[in-house]
Each structure stands twice: as structure tokens, then as C-alpha cells.
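The structure appears right after this line, and notes come after that.
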Protein chains: 2
Amino acid sequence: MTLRRADFIRESLEQMIVTGALANGERLDETALSERFGCSRTPLREAFQALAASGLIELLPHRGAFVRHPSLTQMVEMFEVMAELEAFCGRLAARRVTSEDLVRLHETVLACEEAVRANDHDCYYHENERFHHLLYRASGNSFLADQASRLHARLKPFRRLQLRVRGRLEQSLAEHRVILEALENGSADETAAALRDHVAVQGGKFNDLMASYNASPLSAQQA
Amino acid sequence: MTLRRADFIRESLEQMIVTGALANGERLDETALSERFGCSRTPLREAFQALAASGLIELLPHRGAFVRHPSLTQMVEMFEVMAELEAFCGRLAARRVTSEDLVRLHETVLACEEAVRANDHDCYYHENERFHHLLYRASGNSFLADQASRLHARLKPFRRLQLRVRGRLEQSLAEHRVILEALENGSADETAAALRDHVAVQGGKFNDLMASYNASPLSAQQA
DNA sequence: AACGCAATAATTGTATACAATATGGTTGAC
DNA sequence: GTCAACCATATTGTATACAATTATTGCGTT
């Protein structure tokens, strides 16, 4: 039971940052936040350390904690890395995937199909998460899986925006099917390529992303 | 000027962990360490947060901080990811590298040659670091460069052990030459492949690594 | 003798008090 | 009138005191 006050605060602040409730460049006032959370500055400062480590805020000595939303450039850079990490997961998984993994992956694809039919974006979103995390684990490299999961989590708000684009659900589902088929065939190159294309921000997707970025509350001026 | 006590402590503890001065599974006593560093528990706890974020220690609620050295399996996993990250850096750099970057890379290769002639392992080690960091930056993706640098830093103690193996210096230098040549030719595939081979733990290198791992102070029993 | 429970001790988590540093405004000189 | 230096204020960094939780040890029971 991890009932540490600091952990709760970290998660809360993380939510507030990624949802845009806290604007970019905003300074996190320790006193104000401690009153808001009904605690002292101590657990807040511990939460700050963790947030700074994951890059969500910047900690300037004797000056305070500042929210750092990724710029459009940084976001594209992160997606570029994410695409490569996922491709590598797929490459390894093509050799190492177990039959149980494949069963679970098939389940998520079926669930995704159901979600598309029902036009249930939230459901699709969650099954999509499950598909990707299963894939990370199927790589057989737990360190890689952790790294991929972390970056995946950081890109979460932007992915959510992307899925709002009309027709993206169906396209995403079709790509999942291609990935899974390549995986079952055990062809590493095809799996990797399919995942890279699935994740990478390129062509029309870039314009969609840029549009949603500009429309999102995260788009406040950069430092 | 970042003269925070907590930052100094973090670096100190980091050193103590990676050098093996702190054994695996060892519990970090807040009171004992605060006396040793001549400070209170507060900056120590902040340092713990940062160390936990980079995976060097594990923070169990109400139980304390425990040193977590990577197991041989985890180490191999990390090298597997490192190889892929560097390969990707090379792939991008092959398209994006500037002439200034190439000049600097040539300088490090020359310095490495000098170090090999003088049989100066420390000098070679530092120039090797410089070569790789230049490459990360040359990828033109600063997020990727950061991620690569972080993992590179975490693998530092093990790489140092590897370079001790007889003949490894000359082989490493030769590989640097191949990488740089591929980079100058602008051939992404060759650069990526050369870097993957350079970093990957495979064949005889695996045995060398395993031997040095078992001989190192980090090899204490896993949790 | 072994197991379980309870009280005690030790350690972590949090609050508060104090010290050090940066920021902003005011005053003075040029 | 502008710039620079200095002081006042606010905020961060650290120390210490207190609360909450866990580990340990001893005792009693089976």
C-alpha cells in the first residue's frame, strides 16, 4: 500500500500538466500548492523531484519549478524515437512472442473492432493501450518494455488528440491487423516496418498533429 | 550556480553505486548517510527521489531505499537497447550530420589513435565518450540524444570493464573508423549497422562481459 | 519447541522553523 | 533622466521536531 502523500501529489500534478490545466512556463508555487493539497511543502518538493526527472517540469535552483510542455519540435522528436522503439519491440517480438501473447493481442484487436463498430473512442483508446503494452512485453526485453511504456505515457495526451481525427480509428485498427499478421508470420522486418509506420508522425498525420497541437491548451507560448 | 547540497549528494551516491562501493540490495540508512555527509535527512531524501527515477535505487514506502544493481540479464537488455538507439542516431546522422560535426568526429578518431599508440586507456576512454556524444548530437534529434546519453551514462561502469579486454582498444578504434566512413558516405544503413555491431554485446564480447561482470564488485547477489 | 501476538524500538513520512538566495523596488549619484 | 547599487521582501533550501508505520523482540500459549 503506497499511501504516500508525495506520490498522490506527483500523480495529481502530472495529470494537471499533461491535460494542460497547468500552462507551459507556469511556476509552481510551493506554498500555494501545499495549501491546495492540504499538506506541507515537504511532500510537494519530493513530487517536484520526480516530475523533474521525467521532464515534465524544470527545477531551477533558488528560483522554483516551471512547467515544461514539449514544443512541437520536441514532440516530433519524441514520436520519432517512439516509432523506433516500437519498431524494435516488434522486431524482437517477431522472434520471441509466445502463443499466449498472440492470443491476448488477438483479443485486443477484436475489442478494438467492437469499439469501432460502437464508435466508442474511450474503449478504443484503452484497447489500443493494451495492444501496445502487450507488444512491449512480447519483446522479451523488460528494460525496453519499460522505456517504451514511459515514453508512451508521456505521449499520451497527444495520441489522444490524434485519435479524434476522423477516420483515424478505422485506419489504426487496420494497422493493428497488419502488425499482428506480420507478428504471427514471424517476419521481423515487416513487423518493425508496420509498427514504425503506425507510430511515426509523417505525411498527413503531421498536419493533423500540428493542428491539434495548436488547438490544445498545451500550445501556450514556449519558454 | 547550482550549489544545492542535494545535487552533490545525488552525484556522490551515484558514484558510490556505479563503482560498487554500495553493494546490491544494500539499504541506504538516512540517518547514517546524513551524518556522513554532514547534513540533515532532507537533502538526502531529495537525492533518493532522483536516484530512484533513474533506476539506481528502489524506494519502498515506509521501508527505505535499496541499491539495485542490474542483473546480468538486465545488463544485456540495456546493451540491446543501447545498440538500437545508437544505430538510430547513426541512421539519422547519416542524413543530418554537418561538416563541423564531421571535423570534430575526425578529431576524436585521431585522438583515439594517439591513445592506442600510447596505450593510454583513460585517454581512449574519454575520447570514446566524446565520439559517441558527438554522434548522438549529430542525429539532429535532441530528445534522442538525451535518451542515448542517459543510457550511455548508466552503462558506463560496464563499458569501462569491457575496454580492459586485451585488443579491445584497437578493435574499437577500427570500428570507429568504419562508422565515420559510413557517415561521410551518407549511407544510413551502413552507419546504423556499424554502430549496432559496435555497441551490441554478442559473440565473444558476451563472454568477456560476463567474466568481467562476475569479477566486478557489482556482482553481489541479486535481490 | 514452535508459533502467534503484543509491546517496544527503530525508521520513514510529514510539518514547521530557520537560513540562504534571488527578485523587485527605491534611492542616490552621475 | 538614466543607470547602478542597496535594501526589503519573498521564495527556495535545509534543519529539526513530530507523527505514522514497520520491524523486532520478548512473552505467552499451544
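Throughout, a chain's letter reflects where its sequence line sits, starting with A, and its residues are numbered from 1.
As rounded to whole Å, 17 Å separates atom C1' of D:dT14 from atom CD of B:Glu35. Between the CG atom of A:Leu33 and the P atom of C:dT14 there is a distance of 16 Å, given to the nearest Å. Between A:Arg5 atom CZ and C:dT14 atom P there is a gap of 8 Å when expressed in whole angstrom units. For the pair A:Asp7 CG and C:dT12 P, the interatomic distance rounds to 16 Å; values are reported in whole Å. Per the geometry, CG belonging to B:Leu59 stands 17 Å off P belonging to D:dT21, to the nearest Å. Look at CZ on B:Arg41: it is 19 Å from P on D:dG13, rounded to the nearest Å.
For the OP1/OP2 pair of D:dG13 and a distance below 4.0 Å, the side-chain nitrogens and oxygens of B:Arg4 include at least one atom meeting the criterion.
Scored by the side-chain hydrogen bond (donor to acceptor under 3.5 Å, both in side chains) test, B:Asp146 finds B:Arg137 as partners (sequence neighbours excluded). Partners of A:Leu60 under the side chain to side chain contact (heavy atoms under 4.5 Å, CB included) rule, at least two apart in sequence or in another chain, are A:Glu58, A:Arg63, A:Phe66. Legend: residues meeting salt bridge (charged side-chain N to carboxylate O under 4.0 Å, His left out) with B:Arg95, ordered by chain and number and at least two apart, are absent. Residues meeting the side-chain hydrogen bond (donor to acceptor under 3.5 Å, both in side chains) test with A:His106, sequence neighbours left out: A:Glu184.
Using cut-offs of 30° and 60° on the angle between ring planes, the pair B:His133 and B:Tyr136 is perpendicular.
At a non-hydrogen distance threshold of 4.0 Å, A:Thr42, A:Pro43 from residues 42-50 of chain A come into contact with DNA chain C.
With salt bridges taken as basic N to acidic carboxylate O contacts below 4.0 Å, one links B:Arg130 and B:Glu127. In this structure, A:Arg196 does not pair ionically with A:Glu86, as no charged nitrogen and carboxylate oxygen lie closer than 4.0 Å.
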Protein-nucleotides 7-11 of chain C N/O pairs closer than 3.5 Å?
residue, atom, partner, partner atom, Å
C:dT11, O3', B:Arg27, NH2, 3.0

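For CD of B:Gln15, the number of neighbouring non-hydrogen atoms (other residues, nucleotides, ligands) closer than 6.0 Å is 12 at most.
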